[in-house]
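Structure, as C-alpha cells:
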There are 2 protein chains.
Amino acid sequence: MSTIYEVSKLAGVSSATVSRVMNNSSRVSPNTRDKVLKAMDELGFRPNSIAQSLASKRSNSIGVVISELQGSYYGMLLNEIELTLRSAKKHVMIAAGHADAAIEEDSIEFLLQRSCDALILFVEAVSDQYLRDLKKRGVLFTLINRQVEGLETQCLSIDNYQGGYMACQKMIEVGHQSIAYISGPEWKLDAMERLRGHRQALKDHKLPIHDELFFTGDYTEYSGEHGFEQLYKSGIKFSGLVCGNDEMAAGAIMAARHLGLALPDDLSVIGFDDAYFSRFIYPRLTTIKNPIKEIGTVSANRVLHSTYGLKSKNLEYDNQPLLIARDSLTAPK
Amino acid sequence: MSTIYEVSKLAGVSSATVSRVMNNSSRVSPNTRDKVLKAMDELGFRPNSIAQSLASKRSNSIGVVISELQGSYYGMLLNEIELTLRSAKKHVMIAAGHADAAIEEDSIEFLLQRSCDALILFVEAVSDQYLRDLKKRGVLFTLINRQVEGLETQCLSIDNYQGGYMACQKMIEVGHQSIAYISGPEWKLDAMERLRGHRQALKDHKLPIHDELFFTGDYTEYSGEHGFEQLYKSGIKFSGLVCGNDEMAAGAIMAARHLGLALPDDLSVIGFDDAYFSRFIYPRLTTIKNPIKEIGTVSANRVLHSTYGLKSKNLEYDNQPLLIARDSLTAPK
DNA sequence: TTGTAAGCGTTATCAA
DNA sequence: TTGATAACGCTTACAA
C-alpha cells in the first residue's frame with residue numbers, strides 16, 4: 001500500500017497538498033490537483049483510514065448495538081441502517097446486546113473504545129440513567145424503540161399503545177366480544193404499551209376484563225404456543241386472540257390448530273409488527289404494521305445529521321401504527 | 001480521555017512500560033505493574049484503539065460482507081459470527097453485498113480500507129478470479145457458501161448436491177413418482193447444485209424427467225407462489241414438490257392452498273435450509289437442514305486462527321445436510 | 001526489567 | 001496556493 005508521502009513525491013508536491021486534494025479541504029490549483037490525482041491513480045493509492053481517524057479524531061464509523069442479529073424485525077432494521085450509512089460512506093460496526101444489561105453496556109463501551117463517532121442503540125435492558133449519562137459523556141447517539149426522559153429528541157419509536165388499541169378495537173368492530181391477549185415480557189416497554197392499549201380499548205368499549213384471558217409470553221413463538229394452550233385450558237371461551245407480536249401469533253396459531261380449531265372461523269388472530277413471515281402463516285396473518293424500515297432510515301439519517309452535519313430529508317417519521325388486513329381475522333360464528 | 005503518557009507520568013514510569021502492561025507483551029515487575037494498573041484505574045484510562053491499530057498495523061476488527069442483512073438464514077449466520085468474534089474481543093464491521101458484483105467488490109474494498117485484519121465473505125456475484133486475486137494481495141479471508149478453485153482451504157459450504165439428492169430420494173421412498181421442482185436462480189451455485197442432486201436422484205431411481213415439472217425461481221416466496229401456479233397449469237400431474245429453499249416452499253404452499261389443494265394429502269412438499277419460520281408454515285415444513293450456525297462459528301474461528309494465531313477447537317464442521325422430518329411430507333393418496 | 005525514541009499515515013496549524 | 005512540521009496515541013526496536 002502506498003502512502004500519501006509517496007504520492008507527494010511522485011506528484012512533486014508536499015504531502016499536505018495531497019491531503020488537501022483528498023479532502024477537498026481548501027483550494028488547490030487545478031494544475032497541481034491533476035498532478036496529484038494522476039499520481040494517486042498511478043500508485044493505486046488508497047488512504048489509510050486508521051491514520052485518518054487518528055489525525056482527525058473522526059473515525060467515520062458508526063456503532064450499532066441491536067438486541068439480536070437474527071429475526072426479521074432486527075434484520076430489516078439493520079438493513080436500512082446499513083444502506084443509509086453506507087451511502088454516506090460511513091462504516092458500520094455492530095454488536096449484539098441480547099437484551100442483557102451487562103452485555104449491552106459492554107457492547108456500547110466496546111464500540112466507543114473503537115472510536116465510533118456515534119451510536120445507534122436498540123437496547124432494552126440498560127437503564128435510562130445509563131443512557132442519560134452517556135449523553136453527558138458527550139456521546140452522540142439515537143435510541144430506537146424506546147422513550148427516555150431527557151433524551152426525547154434522540155428517541156425513535158412507534159406508538160405501541162395506539163397499535164395495541166387499534167388491534168383490539170378492530171377485533172371488537174368485527175364482532176368479537178371475548179378476546180384473549182398474549183403479551184410480550186413485562187420488562188419490555190413496548191410489550192407493556194401494547195398491552196395497555198389493548199386494555200384501554202376493552203374498557204372504552206365496555207367489555208369485561210378477565211384475568212384468565214391474559215397471558216404473558218416472551219415474544220417467542222414457543223411462548224405463543226404455550227400461551228395459547230394455557231388460555232384454552234382456562235375454560236373461558238374466546239373467539240378472538242390478539243398477540244403482542246407476530247412470532248407469538250404464529251406459535252398460538254400452531255397450537256390452536258393442534259387443538260383442533262379451524263382458523264379463522266373458530267378463532268380470529270391479530271399479530272403485531274408485520275414481520276416478514278406473517279404472510280406465510282396460514283391463515284395469512286392480520287397484523288399491526290410497525291414501520292421499522294422507516295425508523296431505521298430515520299435513525300441513521302439523524303445520526304448522520306447530528307454527527308457530521310449532513311443534511312437529509314428523512315429526519316422525520318410517522319410513528320402511527322397501521323393495521324394490515326389479511327386472512328386471520330373474521331367475524332365470530 | 002487520558003492517554004498512555006498521562007498514565008506513565010502518574011505511575012512514574014515510561015510510556016513504553018505502560019504499553020507493556022496493557023499488552024502483557026514482555027515481563028514487567030509486579031511492583032511497577034501494580035503502580036501502572038493503579039494509575040490507569042485512577043485516570044479511568046481506556047486505550048485508544050485507533051492509535052493502537054496505526055502503530056501495530058492490526059485493527060482487531062474483522063469485516064463481514066454478507067448478501068443481505070435480512071432473512072433468517074443470514075441473520076443466524078451473522079449472529080454466530082458476531083458471538084464468536086466478540087468473545088475473542090474482535091470488532092465486527094459489516095457490509096451488505098446484495099448479490100451484486102459491483103456492490104460486493106465495493107464492500108470488500110471499503111472494509112479493507114478500514115484496515116480490517118481479515119474478512120468473512122458471503123459473496124455470490126463476484127468472480128472466482130477476483131477472490132483469487134484477493135488472496136494474492138495478501139488479504140486473509142474465509143469464504144462461505146462457495147467453493148473456489150485454488151481457495152479450497154478457506155471455503156466453507158455444505159454439500160448442496162447431496163441435500164438435493166436426499167430431498168428427492170425421500171420423496172421417492174415415501175412413494176411419490178411424479179415430483180416437481182422449483183429451483184433457485186441459475187446464477188447461484190448452491191441452487192444449481194441442489195438441482196443437480198435432485199435430477200441425479202430421479203435418474204438413479206429410473207424416474208422420467210419432464211421439463212414441465214421444473215421451474216426456475218429466485219429464492220423468494222413470490223417466485224415460489226408463481227412457480228407453483230405455472231407447474232400446476234402445465235397439466236402434468238405431480239404429488240410431490242421439492243423446493244430449492246424454504247422461502248419458495250412457503251410461497252408454493254400458499255399458492256397450492258389458494259388453488260384448493262389440501263396439504264399434505266394432495267401435495268407433499270420438501271424445502272431446503274430449515275429456516276426459522278419453517279416450523280410455522282402449515283403444514284409444518286419438512287426440509288433439509290443447512291448447518292448454517294455451525295458454518296458461522298467455524299468460519300469465524302478459522303479467521304481468528306489464521307489471522308491472530310488463536311487456537312480453537314471448532315475448526316471443522318460437518319458439511320452433510322440432514323433431513324428434518326415434519327408434516328409437509330406424506331405418502332401420495 | 002525499564003527507558004528512549006523512531007515510527008505508523010494522516011491532518012491541521014502556521015508561515016511563506 | 002503551497003510547504004514545513006507538529007501533533008494524533010500508541011507500539012516496538014534498541015539500549016541501558
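Letters A, B, ... mirror the listed sequences (proteins, then strands); counts begin at 1. This one's a predicted model, so the numbers in the text were calculated from it and none came from an experiment.
Rounded to whole angstrom, the span from the CZ atom of A:Arg114 across to the P atom of D:dG9 amounts to 15 Å. The distance between atom CG of A:Asn24 and atom P of D:dT1, rounded to the nearest whole Å, is 13 Å. Taking atom CE of residue B:Met22 and atom C1' of nucleotide D:dG9, one finds them 10 Å apart after rounding to whole Å. Rounded to whole Å, the distance from CG on A:Asn23 to C1' on C:dG9 is 13 Å. Distance CG (A:Asp34) to P (D:dT2): 11 Å, rounded to an integer number of Å. When rounded to the nearest whole Å, the span between CZ of A:Phe45 and P of C:dG9 equals 10 Å. Atom-to-atom, CD1 of A:Ile4 to C1' of C:dA12 comes out at 12 Å; the value is rounded to the nearest Å. Between A:Tyr5 atom OH and C:dC8 atom C1' there is a gap of 15 Å when expressed in whole angstrom units.
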Does the pair A:Ser49 and B:Gln113 meet the rule for a side chain to side chain donor-acceptor pair (under 3.5 Å), with working shown?
CA-CA 6 Å; A:Ser49 63; B:Gln113 192 176 131; 5.4 Å; no
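Nearest nucleotide to the A:Ala55 side chain, out of D:dA4, C:dT10, D:dC10: C:dT10. The A:Ala16 side chain lies nearest to C:dA12 when the options are D:dG9, D:dT1, C:dA12. Side-chain atoms of B:Arg20 lie closest to C:dT2 of the nucleotides D:dG3, C:dT11, C:dT2. Nearest to the side-chain atoms of B:Lys57 among the listed nucleotides D:dT5, D:dT11, C:dC8 stands C:dC8. Taking only side-chain atoms of B:Thr3, from C-beta outward, the nucleotide of D:dG9, D:dG3, C:dT2 with the closest atom is D:dG9. Nearest to the side chain of B:Leu54, among C:dC8, D:dA13, D:dT11, sits C:dC8.
Among the atoms of the strands shown, only primed sugar atoms or phosphate atoms (P, OP1, OP2) are found under 4.0 Å from some heavy atom of A:Thr32. Among the heavy atoms of the strands, none lies under 4.0 Å from B:Val18. Within the 4.0 angstrom heavy-atom criterion, base atoms lie near B:Ser19.
The pair A:Arg302-A:Glu316 meets the salt-bridge criterion, with a side-chain N (NZ, NE, NH1 or NH2) lying under 4.0 Å from an Asp/Glu carboxylate O. One finds a salt bridge joining B:Glu109 and B:Arg137 here, because a Lys/Arg side-chain nitrogen approaches an Asp/Glu carboxylate oxygen to under 4.0 Å.
For A:Ile4 against A:Ser15, the heavy-atom pair with the smallest separation is CD1-O, 3.6 Å.
A donor and an acceptor atom never sit less than 3.5 Å apart when one is taken from the side chain of B:Arg46 and the other from the base of D:dG9.
The 5' end of DNA chain C is approached more closely, in terms of each residue's nearest nucleotide, by B:Pro30 than by the other of A:Ser56 and B:Pro30. Along DNA chain D, the nucleotide nearest B:Thr17 and the nucleotide nearest B:Ile50 are compared for position; the residue whose nucleotide lies closer to the 5' end is B:Ile50.
Between the side chains of B:Gln52 and B:Asn48, no donor N or O sits under 3.5 Å from an acceptor N or O.
Between B:Ser29 and C:dT2, a side-chain N or O to OP1/OP2 separation shorter than 4.0 Å is present.
Between B:Tyr73 and B:Phe122, the ring planes are perpendicular. Angles over 60° get that label, and only those under 30° would be called parallel.
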